[in-house]
Amino acid sequence: AQSVTQPDIHITVSEGASLELRCNYSYGATPYLFWYVQSPGQGLQLLLKYFSGDTLVQGIKGFEAEFKRSQSSFNLRKPSVHWSDAAEYFCAVGADSGAGSYQLTFGKGTKLSVIP
Amino acid sequence: DTGVSQNPRHKITKRGQNVTFRCDPISEHNRLYWYRQTLGQGPEFLTYFQNEAQLEKSRLLSDRFSAERPKGSFSTLEIQRTEQGDSAMYLCASSLALGYTFGSGTRLTVV
């Protein structure tokens, strides 16, 4: 079964600073990988996804992520954080369960705080 | 707006009561999912529909939970005899294949 680890529960960065959120996954085959963002009391918004091909993936809001198979990682990065980026970020791995469901397994999330 | 719509946004119910949530997916999406998210956790898979057929259910989905998707359009999730442990955000998502679109969720509080 697949699993996702987000080692950092809470990260605080200054506005304008760079950001890297860590994600490690466990899955036997080529994974489908996702990053979602969630504002308080809201649903999840897809930031970016990796299915195959170029291992550096560009997403919305200036985010990017790099798939590193050797490290089983899919870290999320942003060169300059804005106050509006404060939210909770979830990494997820998708797998076809055999019923065609492409079920997602999520990490526990990393809460990002941004200080002025 | 053609996103995934969930109603109600919030529901407070007394322990032992039944509740029902509705999800309206993006119209052309044939796959529909329900997830549950408790405080401080990531979402956990509950069940999956392809068109009107419920093809997969998690072991988290006890016999008090039932989900339907009549005619392959909207879906309902019913919880019977609610317990305090059912308090959570219930998220619906839809897709054509890989990469879901989530709704804003229904926050259930059981008192």
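Just so we're on the same page: letters track the sequence lines, and every chain starts at 1.
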Query raised in the report: Considering heavy atoms only, which positions within residues 33-41 of chain B lie below 4.5 Å of chain A?
Result: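 Only B/Tyr33, B/Tyr35, B/Gln37, B/Gly40, B/Gln41 of residues 33-41 of chain B have a heavy atom under 4.5 Å from chain A.
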
Requested in this report: Just say parallel, tilted or perpendicular for the rings of B/Tyr90 and B/Phe21, cut-offs at 30° and 60°.
Outcome: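 Taking B/Phe21 first and then B/Tyr90, their aromatic rings sit tilted (interplane angle of 30° to 60°).
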
Query raised in the report: Given a strict heavy-atom distance threshold of 4.5 Å, which part of B/Leu91 is in contact with chain A: side chain, backbone, both, or neither?
Result: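 Only the side chain of B/Leu91 comes within 4.5 Å of chain A.
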
Query raised in the report: Which one of A/Ile9, A/Leu104, A/Leu46 has the most heavy-atom pairs closer than 4.5 Å to chain B?
Result: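 Highest number of pairs under 4.5 Å: A/Leu104.
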
**Report entry** Partner set under ring pair (Phe, Tyr, Trp, His ring centres under 6.0 Å) for A/Tyr50, not counting sequence neighbours
**Finding:**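 Partners of A/Tyr50 by the ring pair (Phe, Tyr, Trp, His ring centres under 6.0 Å) criterion, ordered by chain and then number, come out as A/Phe67.
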
Requested in this report: Assess the side chains of B/Gln54 and B/Thr47: does a donor N or O sit below 3.5 Å from an acceptor N or O?
Outcome: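 Yes, side-chain donor-acceptor contact under 3.5 Å.
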
Requested in this report: Could you list all the salt bridge (Lys or Arg N to Asp or Glu O under 4.0 Å) pairs where at least one residue sits in residues 18-35 of chain A, not counting sequence neighbours?
Outcome: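 Every pair satisfying salt bridge (Lys or Arg N to Asp or Glu O under 4.0 Å) with a residue in residues 18-35 of chain A: A/Asp8-A/Arg22.
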
Query raised in the report: Run the side-chain hydrogen bond (donor to acceptor under 3.5 Å, both in side chains) check on A/Gln38 and A/Glu88 step by step: do they pass?
Result: CA-CA 5 Å; A/Gln38 186 178 38; A/Glu88 190 145 25; over 6 Å; no

Query raised in the report: Within a strict 4.5 Å, meaning less than it, do heavy atoms of the A/Thr12 and A/His10 side chains meet?
Result: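 Yes; the side chains approach each other to less than 4.5 Å.
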
Query raised in the report: Do the side chains of A/Glu15 and A/His82 get nearer than 4.5 Å, heavy atoms only?
Result: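 A/His82 reaches A/Glu15 side chain to side chain.
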
Query raised in the report: Does A/Lys78 make a cation-pi contact with A/Phe63, if we ask for NZ or CZ under 6.0 Å from the ring centre and within 45° of the axis?
Result: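 Yes, A/Lys78 sits over the ring of A/Phe63.
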
Report task. Mark yes or no for whether B/His29, through its side chain, and B/Arg31, through its backbone, hold a donor-acceptor pair below 3.5 Å. Result ->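 No, because the side chain of B/His29 does not come within donor-acceptor range (under 3.5 Å) of the backbone of B/Arg31.
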
Query - Enclosure of A/Arg77 CZ (heavy-atom neighbours >12, cutoff 6.0 Å) - result: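 Enclosed: over 12 neighbouring heavy atoms sit under 6.0 Å from CZ of A/Arg77.
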
Query raised in the report: By number, which residues in residues 107-116 of chain A have some heavy atom less than 4.5 Å away from chain B?
Result: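 Within residues 107-116 of chain A, near chain B: A/Gly107, A/Lys108.
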
